[in-house]
There are 2 protein chains.
Amino acid sequence: MSASDGNGESWAAMATAGLSRAGYRHGGARAAVIGLLDAQSCTMTAYEIEAALRDSGRSVGRASVYRILDELEEVGVVTKVELGRGQAGYEPARPEHHHHHIVCESCGRVQPFDDAGLEEAIGRVSADGGFEITGHEVILRGRCRDCR
Amino acid sequence: MSASDGNGESWAAMATAGLSRAGYRHGGARAAVIGLLDAQSCTMTAYEIEAALRDSGRSVGRASVYRILDELEEVGVVTKVELGRGQAGYEPARPEHHHHHIVCESCGRVQPFDDAGLEEAIGRVSADGGFEITGHEVILRGRCRDCR
DNA sequence: TTTTCTGCAAACTGTTTGCAAAGGC
DNA sequence: GCCTTTGCAAACAGTTTGCAGAAAA
């Protein structure tokens, strides 16, 4: 019955609860990042997050953005996605909306997708090897409609 | 019946042929990188490649390593894998040994795996969206036997 | 009041680029 | 000999770290 069960609560509330449970305080920069992410359904890069916060009038230092995203990921409420080209995307982890990403190689646009058969296959593979699997990532690369 | 059909030829021969077909010349650094990759069955990072070549007595400048890997990828004989943490791995593309990777989050070790059901699911998804899919990547993350 | 958080600027890491010298054809 | 390739060093982009001041508890 912990708050992380996510029974009806907003993601933001879950994230905040997760942080305090892990011993973090509740600062303004953290609240701003959480508030922004709560409104997203797919990934944002650290740079996009920084810019969006600045535009909204509550700017947060670059270093803080990265630190906060790290903490959120560590606590398990944010998923980090390697988008390629050395960039990472971050999105709120909503297990009920688990999905993967298609990345456009020319414009960088990211589109989510999900597939039950794919998840099933991944689950099967994860159980096999000598590894203890903690996460997985599927990235499809190609060109979006606009770029071809 | 082009050389890229790979009917019996070594990967190195295919890679070399691919480069000349694309109009590249046959320099010493390229031969060294191709020779090294030919002996690999899974990914190496650019840094590992640079170090291995230096240790073997035929060192190749860092910039050349990257340039050559780019060309090989462009020509389609090398696959680039985003390993996370901003690092990329490179491996010879051998369609008959298509596989994906499990990365240990603590020591960085990479282990290959493959699964027909997984490929099938990916093929199905790729056909769906508005994207023209040119490649895909599946990465499982966890801890290897030694690191747990 | 004590401890953590935050922002800034500087450092770092992997990768890319500019340019002159070396090497293929 | 002409043009490509190569190596070096410097530039770059995204990310991380050190530190002093601001803010939470």
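Naming: A, B, ... by sequence-line order, numbering from 1 per chain. Everything quoted here is computed from the prediction, not taken from an experiment.
B:Leu69 places its CG atom 10 Å from the P atom of C:dT16, with the value rounded to the nearest Å. Protein atom CG of A:Leu19 is 12 Å distant from nucleotide atom P of D:dA25, rounded to whole Å. Between B:Tyr24 atom OH and C:dC25 atom C1' the separation is 18 Å, expressed in whole Å. The CZ-P distance, from A:Arg30 to C:dT4, rounds to 11 Å in whole Å. Look at CD1 on A:Ile49: it is 13 Å from C1' on D:dT15, rounded to the nearest Å. Distance CD1 (B:Ile68) to P (D:dT4): 16 Å, rounded to an integer number of Å. Summarising the geometry, the separation between CZ on A:Arg25 and C1' on C:dT4 is reported as 4 Å, rounded to the nearest angstrom. Here the P atom of nucleotide C:dT4 and the CD atom of A:Glu71 are 13 Å apart, to the nearest Å.
Salt bridge B:Glu71/B:Arg30: present, at least one basic N to carboxylate O contact under 4.0 Å. Using a cut-off of 4.0 Å between Lys/Arg side-chain N and Asp/Glu carboxylate O, A:Glu105 and A:Arg143 are scored as not salt-bridged.
Toward the 5' end of DNA chain C, the nearer of the two residues A:Ala31 and B:Gly27, judged by each one's closest nucleotide, is A:Ala31.
Under a cut-off of 6.0 angstrom, the local environment of CZ in B:Arg124 is crowded, with over 12 non-hydrogen atoms contributed by other residues, nucleotides or ligands. Sparse packing is recorded around NE2 of B:His97, with 12 or fewer heavy atoms of other residues, nucleotides or ligands lying under 6.0 Å away.
Between A:His136 and A:His98, the gap from one ring centroid to the other is short of 6.0 Å.
Across all non-hydrogen atoms, the minimal contact from A:Val60 to A:Ala32 is CG2-CB, 4.1 Å.
Distance from the side chain of A:Asp70 is smallest to D:dT16 among D:dT16, D:dT5, D:dA24.
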Can you give one letter per nucleotide of nucleotides 7-14 of chain C, going 5' to 3': B for a protein heavy atom under 4.0 Å from the base, S for sugar-phosphate only, - for none? BBB----S

